[in-house]
Amino acid sequence: MTLHKTRVRFAPSPTGDLHIGNARTALFNWLFARQQEGSFILRIENTDRERASLFFERNLLDDLRWLSLEWDEGPEKGGGFGPYHQIERLEIYNYYLKKLIDHHFVYPCYCTEEELEDERVQLLAMRMAPRYGGKCLHLTEGEKRKLESEGKTPVYRFHVNPGSIEFNDLIRGPMKFEADTLGDFIIVRSNGIPSYNFAVVIDDHLMAITHVIRGEDHLSNTALQMLLYNALDFSPPVFAHHSLILGKDRTKLSKRHGSVSVKDFRSKGILPEALFNHLSLSGGSIGEGREVVSVDEIIEVFSLAKVGRSGAIFDEGKLRWLNAVYIRNCDTERLSSALLPFIREAGYEPEQLGQMSIKKIAEALRDNLVTLTDVGEYMDIFLDERYRLSKEAAPALKGDAAARVIISLREALSGESVTGENLYADALKTIQAKTGLKTKEVLMTIRAAITGRNSGPELEKIFNILGRESVLKRLEVAMRETIDSPYVTD
Ligand code: GLU
């Protein structure tokens, strides 16, 4: 017995940036394919010549790869079921159009835009749902020839017979549509370009797609597609229509809610694994309070029936929180390379950092970053030429205690007792022994003096990155702040 291999597809139209909702559909397909050890196919639905562009297609591929949704067949990959761009498949659609015409499922329609609009307005005035009334259904061959000799090029309509259309949805169970509400729909436009519903049926069939997983906004399209499957004598795939992702107010996620494209989140410094997790688990953990879940585990627990039914909420706040968790747990090598473009974007050239390694900076900052863009806020700490005492930090440097801390730190670092290895720990010990001040007080002063701020990354890490010379230079500046202390003037 040969088992039928699962084949799913993501079929975007490259007419804009990849929307979070579409990325979620791609993700569901990918997870399903990986779970079933099947194939994930990428097909580019670029028949809309005015809106589809290579620019958006490239970004789309890039965004999918960024999210680790590598496809098994498709653009830049090839495969045995190509071409994978619809615009290269026009002859195929044409072949099936002819078949449908020959079998009288489809007829040419010469109605003009104005005629169709009049019909629509009239139906609406009678409080009836607008649909094509079938004016061209019974044209004779002679009438067709005459219209064509007048230079009219037809669209092709699929003739819908009354009855019900039924299919079983993997997520939503049995579905039923009444055909008489549909009207004869266009499958090929007058410019020879197939409609979405026509092309998709041919492609899904010829690409041997076993499961069509897409948003519930396509449910009514599926009813039309079922008619085409029957007419073409193709057996339909299994359909699974998942609910759409919603904003926090439970309405459809749109620009009104803020960022909605993968590109937006990339540029905001979200890690792909955080977005992957948020989209696949809809922001929830997989239980036991665990939030960071490996891709393998997500593949294992993924359930179409579970994720698809109720509207999932896209919560940017939750995503940011999750992102901070992922940054904290990120492998240093990986975090450094993820941070690099954001360091550049914040106006710092890595060469400027001299001996300092990005890896050490990543290590020092990982607990302070919510997004990768936050790195820009902290970079000044590491550059002597950008070191400034902030207004907020100045009070921490006033008074006797502060002066004593600074002076003893300076002494400790200038002397022999503090070695390079444990610069921070040794210095801290010496200061405490000398001043007898509480650790908290000592640390507050040192932080203000060394970083010019009241909060930030762990001091020990900063010390290690800066090194003795740089810390001493900064202490000179901080000293000037404490100058009004009697301790200093003594
Ligand atoms: N090109 C369609 C879209 O982006 C594909 C829908 C489908 O998956 O069938 O909405």
Side-chain angles (χ1 to χ4, degrees), residues 6-33 38-54 56-57 59-61 63-64 67 69 71 73-75 81 83-90 93 165 167 169-172 175 177 185-187 189 193-229 232 234 236-245 252-254 260-263 279 304 307-308:
T6 297
R7 291 175 58 84
V8 293
R9 83 317 188 260
F10 177 53
S13 308
T15 54
D17 293 329
L18 180 60
H19 187 277
I20 284 295
N22 284 337
R24 186 164 162 264
T25 303
L27 181 57
F28 288 174
N29 277 283
W30 185 88
L31 286 171
F32 190 71
S39 297
F40 173 59
I41 290 121
L42 177 63
R43 181 173 71 230
I44 304 294
E45 306 213 323
N46 59 348
T47 53
D48 185 341
R49 284 178 182 169
E50 268 155 42
R51 294 176 57 227
S53 80
L54 202 59
F56 287 128
E57 180 182 329
N59 288 349
L60 197 113
L61 303 192
D63 282 347
L64 288 175
L67 267 172
L69 303 181
W71 49 101
E73 289 172 31
F81 296 79
Y84 294 93
H85 287 84
Q86 283 191 330
I87 203 72
E88 292 165 28
R89 301 174 63 83
L90 296 182
Y93 308 129
I165 306 163
F167 62 91
D169 191 279
L170 201 60
I171 294 172
R172 313 167 69 91
M175 301 298 302
F177 291 83
F185 59 93
I186 296 174
I187 64 159
R189 292 175 232 289
I193 299 291
S195 71
Y196 153 71
N197 281 309
F198 183 47
V200 89
V201 167
I202 311 280
D203 293 345
D204 285 342
H205 172 75
L206 294 180
M207 293 183 181
I209 300 301
T210 57
H211 296 73
V212 166
I213 304 166
R214 60 187 170 207
E216 64 184 6
D217 50 339
H218 282 291
L219 263 173
S220 54
N221 282 328
T222 305
L224 305 183
Q225 291 170 25
M226 283 303 288
L227 296 172
L228 290 165
Y229 276 105
L232 289 160
F234 294 162
V238 173
F239 291 104
H241 292 89
H242 62 76
S243 59
L244 302 183
I245 193 146
K252 194 175 161 194
L253 189 68
S254 70
V260 286
S261 69
V262 170
K263 185 175 144 222
L279 289 179
L304 255 188
V307 291

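Both ligands and their constituent atoms are indexed starting at 1 by order of listing. Sequential numbering from 1 along the given sequence is applied to the chain's residues.
- Note: Thr222 OG1 to Leu227 CG = 11.0 Å, rounded to the nearest 0.5 Å.
- The protein heavy-atom contact nearest to atom 8 (O) of ligand 1 is Arg9 NH1, 2.7 Å.
- Within the 4.0 Å heavy-atom criterion, neither part of Phe10 lies near ligand 1.
- In this structure, the protein non-hydrogen atom closest to atom 10 (O) of ligand 1 is His218 NE2, 3.0 Å.
- Across all non-hydrogen atoms, the minimal contact from Val8 to His211 is CG1-O, 3.5 Å.
- The structure places NE2 of His218 at 13.5 Å from CD1 of Ile213, a figure rounded to the nearest 0.5 Å.
- Of the candidates Arg9, Glu73, Arg89, Tyr84 forms a side chain to side chain contact (heavy atoms under 4.5 Å, CB included) with just one, namely Glu73.
- Here the shortest heavy-atom pairing between Pro194 and Tyr93 reads CG-CD1, 3.4 Å.
- Here the protein heavy atom with the shortest distance to atom 4 (O) of ligand 1 is Ala11 O, 3.6 Å.
- Per-residue contacts place Tyr196 under 4.0 angstrom from the following atoms of ligand 1 (heavy atoms of the residue considered): 2 (C), 5 (C), 6 (C), 7 (C), 9 (O).
- Atoms of ligand 1 lying under 4.0 Å from any heavy atom of Val200, numbered from 1 in the order shown and given with element: 9 (O).
- Taking only non-hydrogen atoms, the option from Gln225, His241, Arg214, Glu45 nearest to atom 1 (N) of ligand 1 is Glu45.
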